[in-house]
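Please read the structure below before turning to the comments.
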Amino acid sequence: MKKLVILGAGCGGTMMANKMRRHLDRDEWNITIIDKDNIHDYQPGYLFVPFGINTEKEIRKTKREFIKPGIDFVVSELVNVDWDKQEVATSTRGKYQYDILIMSTGCDTRTEEVEGLAETWGKNVYGYYRYDDCIGLKKALAGFTGGKLVINVAEMPIKCPVAPLEFAFLADWHFHERGIRDKVEIEFVTPLTGAFTKPVATQVLTAACEQKNIKITPNFALGAVDGERKVIQSYDGIEVNYDMLVSIPPNFGSQVMIDSGISDPMGYIPVDKHTLQPKDRPNVWVLGDGTNVPTSKAGAVAHFQADILEENIMAFINGEAQHARSDGHAL
Amino acid sequence: MGLLQDTEMNHLSKLLFKWAYYNLLLAGTWLGPPALQLTGKRLDMIKKK
């Protein structure tokens, strides 16, 4: 029996498992998908939880319910990936050999990467990139009756780059609804040169911010957070004060990839941006937020990458030339 | 409902996307060619720059 192992049962991994199960004969191929837990969060819904628009029931489900029959789902922490031995190790379920490996382990926020950020988290600094953080932010927003709300992106790349601006617009709506918009100042502080990464979108979104009275402070590379003084500081000495800070901490790939020696220092796995394969690893593919590909970290990108992988992996199995190429687009 | 007053289409799109995510995307359904689509892109704005 040949073995296809998939790391990560989030958006990318689940899509790939379900796609490949349709193609591969169950008598010939065993498919195993490994993840540290059985919680599948609809991440686009995170943004709306702090405003009471989305509830836990709507965005939090189990991973198992989206994984089709005929796929082994293993819940255990991944502890090592060894491309030479073609083997992955888990904390509680032992080791798994593979003939083909698909990696989709994503990325996550790290507050400890910014001086003062972890210490102030949950006090006057909040976030929405994890479900528990969304709940904390919801409580904080409910108790916020006026002052300066700062939304800050620490550094790029981040998951869903437009989400911080969406948050600013939702905050504008939220305070309007509560009748306190005139008591709240909203400032969007970003390391980008403008509101967004792309010039056409920046032009449109800058105008929208002006219309909504949201100040944009560009070119701000976050160096430290001073929770006592309620100030964020840039590396070049600029300070922005806040009453409530909504922070998007630096995003990192999986620590296991760093520990396994197969990623860059930020945990992102280097791959060919068109084939999505690591160099000299013909039976390994990587998709989603965990690659170093210069495209948006978003489920939509993973979706289109999955189509490329599906075609090329089947070509690989059948001994044919692999023609599909990813262009990195999201929509 | 205040959110819907001037962003109804946006809101409905988000609801539709959530349904598609759970029922089509995660299932690995093929939704169209993975190559870049130019439909709806404001190429005229890019050319001006």
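Sequence lines set the chain letters: A, B, ... in the order given, protein chains first and strands last, and positions in each chain run from 1. Because only heavy atoms are used, hydrogens play no part in the values below, and waters and symmetry mates are left out as well, while side chains stay in.
A:Arg21 does not touch chain B: none of its heavy atoms, backbone or side chain, sits under 4.5 Å away. Looking at A:His176, there are no atoms closer than 4.5 Å to chain B (heavy atoms on both sides), in backbone or side chain. In this structure, chain B has heavy atoms under 4.5 Å from both the backbone and the side chain of A:Glu58. Heavy atoms of A:Asn54 lying under 4.5 Å from chain B belong exclusively to its side chain.
Per-residue heavy-atom pair counts under 4.5 Å with chain B were compared for A:Lys68, A:Arg22, A:His174, A:Glu65, and the maximum is reached by A:Arg22.
Closest heavy-atom contact between B:Tyr22 and A:Arg60: OH-N, 4.5 Å.
The main-chain N or O of B:Trp30 is never found under 3.5 Å from a side-chain atom of A:Asp307 such that the two would form a donor-acceptor pair.
Counting non-hydrogen atoms of neighbouring residues, nucleotides and ligands closer than 6.0 angstrom, the NZ atom of B:Lys18 exceeds 12 such neighbours. More than 12 heavy atoms of other shown residues, nucleotides or ligands fall within 6.0 angstrom of atom NZ in A:Lys61.
Two rings, from A:His40 and B:Tyr21, have their centers less than 6.0 Å apart.
Rounding to the nearest 0.5 angstrom, the gap separating the CG atom in B:Leu25 from the OG1 atom in A:Thr14 is 11.0 Å.
Residues A:Lys19 and B:Thr29 have side chains not in contact (no heavy-atom distance under 4.5 Å, counting atoms from C-beta outward). The side-chain heavy atoms of B:Phe17 and A:Tyr42, taken from C-beta on, include a pair separated by under 4.5 Å.
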